[in-house]
Amino acid sequence: MLKIAIQKSGRLSEGSLSLLKDCDVKFSKGKGKLVTPAQNFPAQVLFLRDDDIPQYVEDGVADLGIIGENVLLEHTCEVDLIKRLGFSKCRMSLAIPRTEAYQGVSYFDKKRIATSYPVILQKFLDKHNITAEIHSISGSVEIAPGIGLAEAVMDIVSTGSTLLSNGLKEVETVLKSEAVLIGNRDMDEKKLQILNQLMFRMESVLKARGFKYVLLNAPNKNVDAIINLLPGMKSPTVLPLAEQGWSSIHSVLDESKFWQIIDQLKALGAEGILIVPIEKMVL
Ligand code: ATP
Ligand code: ZN
């Protein structure tokens, strides 16, 4: 039985739940429940505060955990980073009052900086040979300059609107973070076997996320040119249409590439283009 810890509620919950769901690990998330068994996989899901997860995984209370990379780096626990998961992406940045001129990191020398992530900030300052005073606070970091607690802040930024409404501007990216899967270092053979099964599923789900299945109709004379644009996994499928002189082409495509080639596809006479999500991809 593998115990998987995910955030109870917050910015990691939705992504963690849908990743497990896509891996076909089914469970009911009853209100206020702390632990729930998976119905069709040898696992239990634990719902915890994200900050507690690294320690629980280190202690073996949970075998696996899904947390932000930022939390992993802040807690410096003895756990393995098993896989980056590609969701809950965010950045941690240094911000200063909007009216201040900024010429580079030396700005922070001898300044007071408020943050909830003192370990990550200290590492960044050391790397740049900056001596600053770190004020560790647990929430609402962005109000610190306004109330005279600090001259700068280091916090998670998504759109920057919270900084802006507090009269701050972002001047330095300290860390880019995403959700990661962490694991206990002493799992027994049985647990490692279940982990292998789960990783196989997770990898096929994560691989599929960046890709789409493309179907289109094209005149036969342009099939070769279209195949060049849509290389597919091995090579595209080409099937004759009932209408003479036309074929249907099926392929797999990196989603971001689609918008780059759509005009070329249309110029080659492609019609009835369908873009379909792929649930899992096993290569
Ligand atoms: P908890 O109550 O579990 O302690 P929390 O308030 O510490 O929750 P959240 O705000 O839910 O945490 O953020 C959890 C994680 O999600 C962060 O550590 C970070 O990795 C990521 N995250 C935070 N803010 C954002 C954002 N705006 N966009 C995307 N991901 C984010
Ligand atoms: Zn937290």
Side-chain angles (χ1 to χ4, degrees), residues 5-16 47-59 65-79 81 84-182:
I6 64 172
Q7 191 189 23
K8 194 174 166 64
S9 73
R11 290 188 153 114
L12 290 157
S13 317
E14 200 187 319
S16 308
F47 303 98
L48 301 168
R49 281 201 57 199
D50 67 339
D51 315 72
D52 297 335
I53 293 177
Q55 192 63 53
Y56 280 140
V57 171
E58 180 179 320
D59 296 344
I66 297 179
I67 52 167
E69 204 174 348
N70 52 320
V71 170
L72 176 63
L73 293 171
E74 186 62 30
H75 288 251
T76 55
C77 277
E78 297 285 313
V79 296
L81 194 168
R84 284 173 211 285
L85 302 173
F87 62 86
S88 295
K89 288 190 175 171
C90 61
R91 62 183 187 276
M92 306 194 68
S93 295
L94 279 157
I96 62 172
R98 221 169 14 189
T99 47
E100 289 280 304
Y102 183 75
Q103 267 113 27
V105 278
S106 60
Y107 175 91
F108 296 100
D109 219 14
K110 314 269 175 334
K111 295 276 199 307
R112 294 172 302 164
I113 312 172
T115 188
S116 313
Y117 294 88
V119 174
I120 292 173
L121 178 56
Q122 190 61 59
K123 262 192 204 140
F124 176 86
L125 296 174
D126 289 347
K127 196 175 104 193
H128 290 90
N129 281 322
I130 308 279
T131 314
E133 203 180 299
I134 298 178
H135 281 252
S136 226
I137 49 179
S138 61
S140 303
V141 167
E142 63 286 345
I143 64 165
I147 59 173
L149 185 70
E151 285 85 36
V153 304
M154 201 276 287
D155 204 4
I156 294 174
V157 182
S158 47
T159 60
S161 61
T162 311
L163 291 180
L164 206 68
S165 59
N166 284 284
L168 301 172
K169 63 179 175 188
E170 190 180 351
V171 290
E172 212 64 66
T173 306
V174 173
L175 181 81
K176 285 200 168 128
S177 174
E178 64 186 278
V180 292
L181 180 73
I182 56 166

Measure the shortest side-chain to side-chain distance between F124 and M154 over non-hydrogen atoms and say whether it is less than 4.5 angstrom. no
Looking only at atom types and distance, does a side-chain atom of Q7 sit under 3.5 Å from a main-chain N or O of L12, one as donor and one as acceptor? yes
Under the side-chain contact (heavy atoms from CB on, under 4.5 Å) rule, collect the residues that match up with S93, sequence neighbours excluded. R91, V157, E170, T173
Quick check: closest heavy atoms across V180 and G68, and the distance to 0.1 Å? CG2-C, 4.3 Å
Could you tell me whether the side chain of Q55 reaches within less than 4.5 Å of the side chain of C77, counting heavy atoms only? yes
For residues 120-133, which residue pairs qualify under salt bridge (charged side-chain N to carboxylate O under 4.0 Å, His left out), counting only residues two or more places apart or in two chains? none
With side-chain hydrogen bond (donor to acceptor under 3.5 Å, both in side chains) as the rule and sequence neighbours excluded, what pairs involving residues 140-157 come up? R112-E151
Kindly say whether A179 contributes a backbone atom to a donor-acceptor pair with the side chain of S88 at under 3.5 angstrom? no
Just verifying a value: how many Å separate L85 CG and I67 CD1, rounded to the nearest 0.5 Å? 10.5 Å
Using a 4.5 Å cut-off on heavy atoms from C-beta on, say whether the side chain of Y117 contacts that of M92. yes
Not counting sequence neighbours, list each pair that qualifies as a salt bridge (charged side-chain N to carboxylate O under 4.0 Å, His left out) and has a residue in residues 66-76. E69-R84
In chain order, what residues pass the side-chain contact (heavy atoms from CB on, under 4.5 Å) check against R98, with sequence neighbours excluded? L164, K169
Run I96 and F108 through side-chain contact (heavy atoms from CB on, under 4.5 Å) and show every step you take. CA-CA 9 Å; I96 62 172; F108 296 100; 3.7 Å; yes
Result for side chain to side chain contact (heavy atoms under 4.5 Å, CB included) between V174 and one of L125, T115, I120 points to I120
Counting C-beta onward and ignoring hydrogens, is there a side-chain heavy-atom pair between L94 and L121 closer than 4.5 Å? yes
Qualifying salt bridge (charged side-chain N to carboxylate O under 4.0 Å, His left out) pairs, either residue in residues 100-111, two or more places apart: none
Counting only heavy atoms not in Y107, do more than 12 sit closer than 6.0 Å to its OH atom? yes
